[in-house]
Amino acid sequence: MNGLLARDWDNNKHWCYTGVGVMSADVKMRDYLKDNGWTYPIVSRAGAEVDSFDVEVEEVVAMRDMLLAFEDPVACVKAMAHADVKIVSLTITEFGYRVPLTKGDFSLIEQALNGMLDDPDEPLHADASTPTTFGVICAAAAMRFAEGSRPFTLMSCDNLPHNGEVAKRRVLGAAADLELPAETQRWLEEEARFPSTMVDRITPATSPGDVAALKSAADVDDAWPVMCEPYKHWVIEDDFVDDARPPWEDAGAVVVDDVVPHELMKVRLLNVTHLSLIHI
(Lines give C-alpha, C1' and ligand atoms only; values in the text may rest on other atoms or scores of the structure.)
Protein backbone atom coordinates (compact mmCIF):
# COMPACT_ATOMS: atom_id res chain seq x y z
CA MET A 1 0.00 0.00 0.00
CA ASN A 2 2.39 2.65 -1.28
CA GLY A 3 2.64 5.63 1.02
CA LEU A 4 1.08 4.02 4.10
CA LEU A 5 3.71 3.94 6.79
CA ALA A 6 4.29 1.28 9.40
CA ARG A 7 2.55 3.40 12.02
CA ASP A 8 -0.70 3.13 10.02
CA TRP A 9 -0.61 -0.66 9.98
CA ASP A 10 -3.13 -1.31 12.76
CA ASN A 11 -5.76 0.85 11.04
CA ASN A 12 -5.19 -0.57 7.57
CA LYS A 13 -3.95 -4.14 8.01
CA HIS A 14 -7.09 -5.59 6.39
CA TRP A 15 -5.84 -4.01 3.14
CA CYS A 16 -2.80 -5.90 1.86
CA TYR A 17 -1.15 -6.40 -1.51
CA THR A 18 -0.17 -9.59 -3.31
CA GLY A 19 2.08 -8.78 -6.24
CA VAL A 20 1.83 -10.60 -9.57
CA GLY A 21 4.76 -10.61 -11.99
CA VAL A 22 4.32 -11.51 -15.64
CA MET A 23 7.88 -11.12 -16.94
CA SER A 24 10.88 -13.37 -16.35
CA ALA A 25 12.83 -10.44 -14.88
CA ASP A 26 10.25 -10.28 -12.08
CA VAL A 27 11.96 -13.27 -10.43
CA LYS A 28 14.59 -10.86 -9.14
CA MET A 29 11.94 -8.60 -7.62
CA ARG A 30 10.08 -11.53 -6.03
CA ASP A 31 13.27 -12.92 -4.52
CA TYR A 32 14.31 -9.51 -3.17
CA LEU A 33 10.91 -8.90 -1.56
CA LYS A 34 10.77 -12.40 -0.09
CA ASP A 35 14.24 -12.04 1.43
CA ASN A 36 13.19 -8.60 2.71
CA GLY A 37 10.10 -9.91 4.53
CA TRP A 38 7.86 -8.35 1.85
CA THR A 39 8.86 -4.84 2.89
CA TYR A 40 10.82 -2.19 1.01
CA PRO A 41 11.88 1.43 1.60
CA ILE A 42 10.79 4.45 -0.43
CA VAL A 43 13.56 7.04 -0.39
CA SER A 44 12.82 10.66 -1.32
CA ARG A 45 15.76 12.95 -1.98
CA ALA A 46 15.87 16.74 -2.24
CA GLY A 47 18.64 19.24 -2.77
CA ALA A 48 20.85 20.89 -5.36
CA GLU A 49 23.86 18.58 -5.04
CA VAL A 50 23.93 14.78 -4.90
CA ASP A 51 26.45 14.81 -2.06
CA SER A 52 24.19 16.96 0.13
CA PHE A 53 20.71 15.56 -0.56
CA ASP A 54 18.18 15.61 2.24
CA VAL A 55 16.91 12.04 2.56
CA GLU A 56 13.60 10.77 3.94
CA VAL A 57 12.89 7.03 4.20
CA GLU A 58 9.42 5.47 4.44
CA GLU A 59 9.02 1.74 5.00
CA VAL A 60 6.23 0.06 3.05
CA VAL A 61 4.81 -2.90 4.95
CA ALA A 62 1.56 -3.81 3.19
CA MET A 63 2.77 -6.54 0.82
CA ARG A 64 2.28 -10.14 1.87
CA ASP A 65 3.35 -12.20 -1.18
CA MET A 66 4.30 -12.09 -4.85
CA LEU A 67 3.23 -14.64 -7.44
CA LEU A 68 4.73 -15.19 -10.89
CA ALA A 69 2.29 -15.90 -13.71
CA PHE A 70 4.87 -17.76 -15.81
CA GLU A 71 5.67 -20.08 -12.88
CA ASP A 72 2.13 -20.78 -11.68
CA PRO A 73 -0.68 -19.07 -13.63
CA VAL A 74 -3.30 -21.14 -11.80
CA ALA A 75 -2.18 -19.73 -8.44
CA CYS A 76 -2.53 -16.21 -9.87
CA VAL A 77 -6.03 -16.91 -11.16
CA LYS A 78 -7.15 -18.46 -7.89
CA ALA A 79 -5.74 -15.55 -5.90
CA MET A 80 -7.60 -12.97 -8.02
CA ALA A 81 -10.76 -15.07 -7.99
CA HIS A 82 -10.95 -15.05 -4.19
CA ALA A 83 -13.92 -12.99 -3.02
CA ASP A 84 -11.74 -11.09 -0.52
CA VAL A 85 -9.85 -9.46 -3.40
CA LYS A 86 -11.50 -6.12 -4.10
CA ILE A 87 -9.04 -4.41 -6.45
CA VAL A 88 -6.71 -5.61 -9.19
CA SER A 89 -4.32 -2.78 -10.05
CA LEU A 90 -2.17 -2.65 -13.17
CA THR A 91 1.27 -1.19 -13.78
CA ILE A 92 2.17 -2.85 -17.07
CA THR A 93 3.06 0.24 -19.18
CA GLU A 94 1.55 1.10 -22.56
CA PHE A 95 3.01 -1.94 -24.32
CA GLY A 96 1.35 -4.31 -21.84
CA TYR A 97 -2.11 -3.42 -23.20
CA ARG A 98 -1.06 -4.46 -26.69
CA VAL A 99 0.42 -7.88 -25.93
CA PRO A 100 -1.59 -10.44 -27.97
CA LEU A 101 -3.37 -13.32 -26.28
CA THR A 102 -1.58 -16.67 -26.27
CA LYS A 103 -2.53 -20.34 -26.38
CA GLY A 104 -1.91 -20.32 -22.66
CA ASP A 105 -4.74 -17.81 -22.21
CA PHE A 106 -7.21 -20.04 -24.07
CA SER A 107 -6.08 -23.10 -22.11
CA LEU A 108 -6.46 -21.23 -18.83
CA ILE A 109 -9.95 -19.99 -19.74
CA GLU A 110 -11.02 -23.48 -20.79
CA GLN A 111 -9.98 -24.93 -17.45
CA ALA A 112 -11.52 -22.06 -15.47
CA LEU A 113 -14.87 -22.41 -17.26
CA ASN A 114 -14.88 -26.18 -16.83
CA GLY A 115 -13.88 -26.19 -13.17
CA MET A 116 -10.58 -27.97 -13.81
CA LEU A 117 -8.06 -25.53 -12.31
CA ASP A 118 -7.85 -27.64 -9.14
CA ASP A 119 -7.50 -30.91 -11.05
CA PRO A 120 -3.87 -32.15 -10.80
CA ASP A 121 -4.50 -34.37 -13.82
CA GLU A 122 -5.39 -31.34 -15.96
CA PRO A 123 -2.31 -29.10 -16.12
CA LEU A 124 -2.10 -26.35 -18.71
CA HIS A 125 -1.80 -27.92 -22.14
CA ALA A 126 1.75 -28.95 -22.92
CA ASP A 127 1.88 -26.72 -26.00
CA ALA A 128 0.41 -23.71 -24.22
CA SER A 129 2.59 -20.65 -23.81
CA THR A 130 2.53 -18.49 -20.71
CA PRO A 131 -0.81 -16.72 -20.20
CA THR A 132 -0.87 -12.94 -20.47
CA THR A 133 -2.05 -10.38 -17.93
CA PHE A 134 -5.50 -10.16 -19.46
CA GLY A 135 -5.88 -13.91 -19.85
CA VAL A 136 -5.27 -14.31 -16.12
CA ILE A 137 -7.68 -11.45 -15.32
CA CYS A 138 -10.43 -12.89 -17.53
CA ALA A 139 -10.00 -16.38 -16.08
CA ALA A 140 -10.30 -14.99 -12.55
CA ALA A 141 -13.35 -12.94 -13.51
CA ALA A 142 -14.99 -16.02 -15.06
CA MET A 143 -14.44 -17.96 -11.83
CA ARG A 144 -15.87 -15.16 -9.70
CA PHE A 145 -18.96 -14.95 -11.91
CA ALA A 146 -19.46 -18.72 -11.76
CA GLU A 147 -19.13 -18.66 -7.95
CA GLY A 148 -21.61 -15.80 -7.57
CA SER A 149 -19.02 -13.35 -6.23
CA ARG A 150 -18.95 -9.66 -6.96
CA PRO A 151 -16.46 -8.51 -9.61
CA PHE A 152 -13.23 -6.81 -8.62
CA THR A 153 -12.35 -3.26 -9.50
CA LEU A 154 -9.64 -3.10 -12.18
CA MET A 155 -7.53 0.01 -11.56
CA SER A 156 -4.88 1.05 -14.07
CA CYS A 157 -1.97 3.00 -12.59
CA ASP A 158 -0.15 3.33 -15.92
CA ASN A 159 0.96 6.65 -17.37
CA LEU A 160 -1.71 6.75 -20.07
CA PRO A 161 -4.46 9.31 -20.61
CA HIS A 162 -7.87 7.91 -19.63
CA ASN A 163 -6.16 4.73 -18.44
CA GLY A 164 -9.36 3.38 -16.89
CA GLU A 165 -11.07 3.45 -20.28
CA VAL A 166 -8.00 1.84 -21.87
CA ALA A 167 -8.08 -0.98 -19.30
CA LYS A 168 -11.81 -1.50 -19.75
CA ARG A 169 -11.55 -1.76 -23.54
CA ARG A 170 -8.70 -4.26 -23.25
CA VAL A 171 -10.46 -6.43 -20.67
CA LEU A 172 -13.73 -6.51 -22.60
CA GLY A 173 -11.88 -7.13 -25.86
CA ALA A 174 -9.94 -10.01 -24.32
CA ALA A 175 -13.13 -11.45 -22.81
CA ALA A 176 -14.76 -11.45 -26.25
CA ASP A 177 -11.68 -12.94 -27.97
CA LEU A 178 -11.46 -15.66 -25.31
CA GLU A 179 -15.17 -16.37 -25.82
CA LEU A 180 -16.25 -15.95 -22.24
CA PRO A 181 -19.99 -16.65 -21.91
CA ALA A 182 -22.13 -13.69 -22.95
CA GLU A 183 -23.55 -13.26 -19.46
CA THR A 184 -20.03 -13.09 -18.00
CA GLN A 185 -19.05 -10.45 -20.54
CA ARG A 186 -22.15 -8.39 -19.68
CA TRP A 187 -21.38 -8.75 -15.97
CA LEU A 188 -17.87 -7.44 -16.53
CA GLU A 189 -19.08 -4.51 -18.60
CA GLU A 190 -21.93 -3.51 -16.30
CA GLU A 191 -20.83 -4.54 -12.81
CA ALA A 192 -17.03 -4.22 -12.77
CA ARG A 193 -15.43 -0.80 -12.35
CA PHE A 194 -12.42 0.68 -14.14
CA PRO A 195 -11.34 3.90 -12.41
CA SER A 196 -8.78 6.15 -14.04
CA THR A 197 -5.73 7.38 -12.15
CA MET A 198 -2.97 9.91 -12.67
CA VAL A 199 0.44 9.52 -11.07
CA ASP A 200 3.15 12.19 -11.09
CA ARG A 201 6.42 11.42 -9.33
CA ILE A 202 9.93 11.07 -10.72
CA THR A 203 11.19 7.61 -9.75
CA PRO A 204 14.49 6.74 -11.45
CA ALA A 205 15.89 3.22 -11.57
CA THR A 206 17.89 2.30 -8.48
CA SER A 207 21.65 2.24 -9.03
CA PRO A 208 24.44 0.62 -6.97
CA GLY A 209 25.45 4.16 -6.04
CA ASP A 210 21.98 4.79 -4.61
CA VAL A 211 22.26 1.72 -2.39
CA ALA A 212 25.64 2.83 -1.07
CA ALA A 213 24.49 6.44 -0.58
CA LEU A 214 21.44 5.34 1.38
CA LYS A 215 23.62 3.38 3.78
CA SER A 216 25.86 6.40 4.23
CA ALA A 217 23.13 9.04 4.53
CA ALA A 218 20.46 7.21 6.54
CA ASP A 219 22.16 4.06 7.85
CA VAL A 220 19.66 1.96 5.87
CA ASP A 221 21.09 -1.21 4.35
CA ASP A 222 18.74 -2.36 1.59
CA ALA A 223 19.47 -4.04 -1.73
CA TRP A 224 16.70 -2.39 -3.77
CA PRO A 225 15.28 0.85 -2.33
CA VAL A 226 12.78 2.80 -4.42
CA MET A 227 14.35 6.20 -5.14
CA CYS A 228 12.18 9.23 -5.86
CA GLU A 229 11.71 12.97 -5.60
CA PRO A 230 9.81 14.44 -2.61
CA TYR A 231 6.97 15.70 -4.82
CA LYS A 232 4.11 13.28 -5.42
CA HIS A 233 0.68 13.69 -6.92
CA TRP A 234 -1.62 10.65 -7.14
CA VAL A 235 -5.17 11.23 -8.33
CA ILE A 236 -7.76 8.44 -8.27
CA GLU A 237 -11.25 8.38 -9.75
CA ASP A 238 -13.63 7.39 -6.97
CA ASP A 239 -15.37 4.57 -8.86
CA PHE A 240 -15.01 1.22 -7.10
CA VAL A 241 -17.18 -1.88 -6.89
CA ASP A 242 -19.35 -1.48 -3.77
CA ASP A 243 -17.15 1.52 -2.81
CA ALA A 244 -14.53 -0.91 -1.47
CA ARG A 245 -11.09 0.69 -1.42
CA PRO A 246 -8.32 1.63 1.04
CA PRO A 247 -8.33 5.16 2.51
CA TRP A 248 -5.65 6.35 0.08
CA GLU A 249 -6.48 9.97 0.82
CA ASP A 250 -5.05 9.42 4.31
CA ALA A 251 -1.67 8.92 2.62
CA GLY A 252 -1.97 12.03 0.46
CA ALA A 253 -3.80 10.76 -2.62
CA VAL A 254 -6.49 12.94 -4.18
CA VAL A 255 -9.76 11.07 -4.72
CA VAL A 256 -12.02 12.79 -7.26
CA ASP A 257 -15.03 12.26 -9.49
CA ASP A 258 -13.10 13.16 -12.65
CA VAL A 259 -9.36 12.66 -13.26
CA VAL A 260 -9.29 14.47 -16.63
CA PRO A 261 -8.58 18.01 -15.28
CA HIS A 262 -5.57 16.63 -13.40
CA GLU A 263 -4.35 14.78 -16.51
CA LEU A 264 -4.60 17.99 -18.55
CA MET A 265 -2.74 19.96 -15.89
CA LYS A 266 0.11 17.44 -15.89
CA VAL A 267 0.35 17.32 -19.69
CA ARG A 268 0.21 21.08 -20.15
CA LEU A 269 2.36 22.21 -17.24
CA LEU A 270 4.85 19.36 -16.96
CA ASN A 271 5.13 17.45 -20.22
CA VAL A 272 4.87 20.47 -22.52
CA THR A 273 7.42 22.36 -20.42
CA HIS A 274 9.83 19.44 -20.64
CA LEU A 275 9.43 19.34 -24.42
CA SER A 276 10.07 23.08 -24.62
CA LEU A 277 13.26 22.74 -22.59
CA ILE A 278 14.47 19.90 -24.77
CA HIS A 279 14.07 21.98 -27.95
CA ILE A 280 15.64 25.19 -26.62
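Quick caveat, the model's predicted, so the values are computed rather than measured.
Formation of a donor-acceptor pair under 3.5 Å by the Glu56 side chain with backbone atoms of Ser44 is not found in this model. Not one N or O on the side chain of Asp31 forms a donor-acceptor pair closer than 3.5 Å with the backbone of Lys28. The closest donor-acceptor contact from the side chain of Asp177 to the backbone of Leu101 lies at 3.5 Å or more, if one exists at all. In this structure a side-chain-to-backbone donor-acceptor pair under 3.5 Å is missing from Arg170 to Phe134. Ser149 contributes no side-chain N or O that, together with a main-chain N or O of Ala83, makes up a donor-acceptor pair within less than 3.5 Å. Looking at Thr197, its side chain never comes within 3.5 Å of a backbone N or O of Val235 through a donor-acceptor pair.
In this structure, His233 and Val254 have side chains that are in contact, with non-hydrogen atoms separated by less than 4.5 Å. Side-chain contact between Phe152 and Arg144 is present, with at least one heavy-atom pair separated by less than 4.5 Å. At a threshold of 4.5 Å between non-hydrogen side-chain atoms, the residues Tyr17 and Met66 do not count as touching. Pro246 has its side chain within reach of Ile87: a pair of non-hydrogen atoms, C-beta onward, lies under 4.5 Å apart. Here the side chains of Thr130 and Thr102 are not in contact, with every heavy-atom distance at 4.5 Å or above.
Closest approach of Ala175 to Leu188, counting heavy atoms only: CB-CD1, 4.2 Å. Closest heavy-atom contact between Glu263 and Asn163: OE2-N, 4.4 Å. Taking all atoms of both residues into account, the shortest heavy-atom contact from Pro225 to Thr206 is O-OG1, 2.5 Å. Heavy-atom minimum distance, Pro73 versus Pro131: CB-CG, 3.7 Å. Of all non-hydrogen atoms in Val85 and Ala79, the two that sit nearest each other are CG2-O, 3.2 Å. Taking all atoms of both residues into account, the shortest heavy-atom contact from Ala253 to Ile236 is CB-CD1, 4.1 Å.
Between Ser156 and Tyr97, the side chains place a donor N or O and an acceptor N or O closer than 3.5 Å (distance only, hydrogens not considered). A donor-acceptor pair shorter than 3.5 Å can be found between the side chains of Arg64 and Thr18. Judged purely by distance below 3.5 Å, without hydrogens or angles, the side chains of Thr93 and Asp158 never pair a donor atom with an acceptor atom. Remark: the Tyr32 side chain and the Asp222 side chain contain an N/O donor-acceptor pair separated by less than 3.5 Å.
Distance check, rounded to the nearest 0.5 Å: CE of Met227 to CD1 of Ile202 gives 13.5 Å. Expressed to the nearest 0.5 Å, how far CD of Glu110 lies from NZ of Lys103 amounts to 13.5 Å. For the atom pair Met143 CE and Leu108 CG, the distance stands at 9.5 Å (nearest 0.5 Å). Taking CE from Met198 and CD from Glu237, the interatomic distance works out to 13.0 Å, rounded to the nearest 0.5 Å. We find the OG-CG distance between Ser216 and Asp221 to be 12.0 Å, quoted to the nearest 0.5 Å. Taking CG of Asp242 as the start and CZ of Arg193 as the end, the distance is 9.0 Å to the nearest 0.5 Å.
A cation-pi arrangement, defined by a distance under 6.0 Å to the six-membered ring centre and an angle within 45 degrees of its axis, is absent between Arg45 and Phe53.
The ring-ring contact (aromatic ring centres under 6.0 Å, His included) contacts involving residues 54-78 comprise nothing, where partners must be two or more places apart or lie in separate chains. Applying the ring-ring contact (aromatic ring centres under 6.0 Å, His included) definition to pairs two or more places apart or across chains, those involving residues 160-194 are Phe145-Trp187.
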Could you go step by step and tell me if Asp219 and Lys215 meet the salt bridge (Lys or Arg N to Asp or Glu O under 4.0 Å) rule? CA-CA 4 Å; Asp219 197 27; Lys215 174 65 174 176; 3.2 Å; yes
Set out, in order, the CA-CA distance, both residues' side-chain angles and the distance that settles side chain to side chain contact (heavy atoms under 4.5 Å, CB included) for Val43 and Cys228, then state yes or no. CA-CA 6 Å; Val43 183; Cys228 60; 6.0 Å; no
Show the numbers, then the answer: is there a side chain to side chain contact (heavy atoms under 4.5 Å, CB included) between Trp224 and Tyr40? CA-CA 8 Å; Trp224 203 346; Tyr40 62 93; over 6 Å; no
For side chain to side chain contact (heavy atoms under 4.5 Å, CB included), just list the numbers for Cys157 and Leu90, CA-CA rounded to whole Å, side-chain angles, deciding distance to a tenth of an Å, and then say yes or no. CA-CA 6 Å; Cys157 298; Leu90 297 175; over 6 Å; no
Take Met63 and Thr39 through the test side chain to side chain contact (heavy atoms under 4.5 Å, CB included) and record every step on the way to the result. CA-CA 7 Å; Met63 284 198 70; Thr39 69; over 6 Å; no
Decide salt bridge (Lys or Arg N to Asp or Glu O under 4.0 Å) for Glu191 and Arg150; before the verdict, give the C-alpha distance in whole Å, the side-chain angles of both, and the deciding distance to 0.1 Å. CA-CA 8 Å; Glu191 300 294 331; Arg150 296 286 287 148; 3.1 Å; yes
Give the intermediate values and the outcome of side chain to side chain donor-acceptor pair (under 3.5 Å) for residues Asp105 and Thr132. CA-CA 6 Å; Asp105 292 317; Thr132 67; 3.0 Å; yes
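Remark: of the listed residues Asp239, Asp238, Thr153, Asp238 is the sole one forming a side-chain hydrogen bond (donor to acceptor under 3.5 Å, both in side chains) with Arg245. With Val77 as reference, Leu117 is the one residue of Leu117, Asp72, Ile109 to meet the side chain to side chain contact (heavy atoms under 4.5 Å, CB included) rule.
Criterion: ILVMFWY side-chain heavy atoms under 4.5 Å apart, direct or through other members. Under it, Ile42 and Val211 are not part of a common hydrophobic cluster. Cluster annotation: Val259 and Val255 are assigned to distinct hydrophobic clusters (Ile/Leu/Val/Met/Phe/Trp/Tyr, side-chain heavy-atom contacts under 4.5 Å, transitive). No chain of hydrophobic side-chain contacts below 4.5 Å, direct or via other Ile, Leu, Val, Met, Phe, Trp or Tyr residues, connects Val241 to Ile137. Two different hydrophobic clusters hold Met155 and Val256 under the rule that ILVMFWY side chains link at heavy-atom gaps under 4.5 Å. Hydrophobic clustering of Ile, Leu, Val, Met, Phe, Trp and Tyr side chains at less than 4.5 Å, counting indirect connections, keeps Trp38 apart from Leu67.
Within a 6.0 Å radius of CD in Glu249, more than 12 heavy atoms belonging to other residues, nucleotides or ligands are found. Atom NZ of Lys34 sits in a sparse spot, with 12 or fewer heavy atoms from other residues, nucleotides or ligands closer than 6.0 Å. More than 12 heavy atoms of other residues, nucleotides or ligands sit less than 6.0 Å from atom CG of Asn114.
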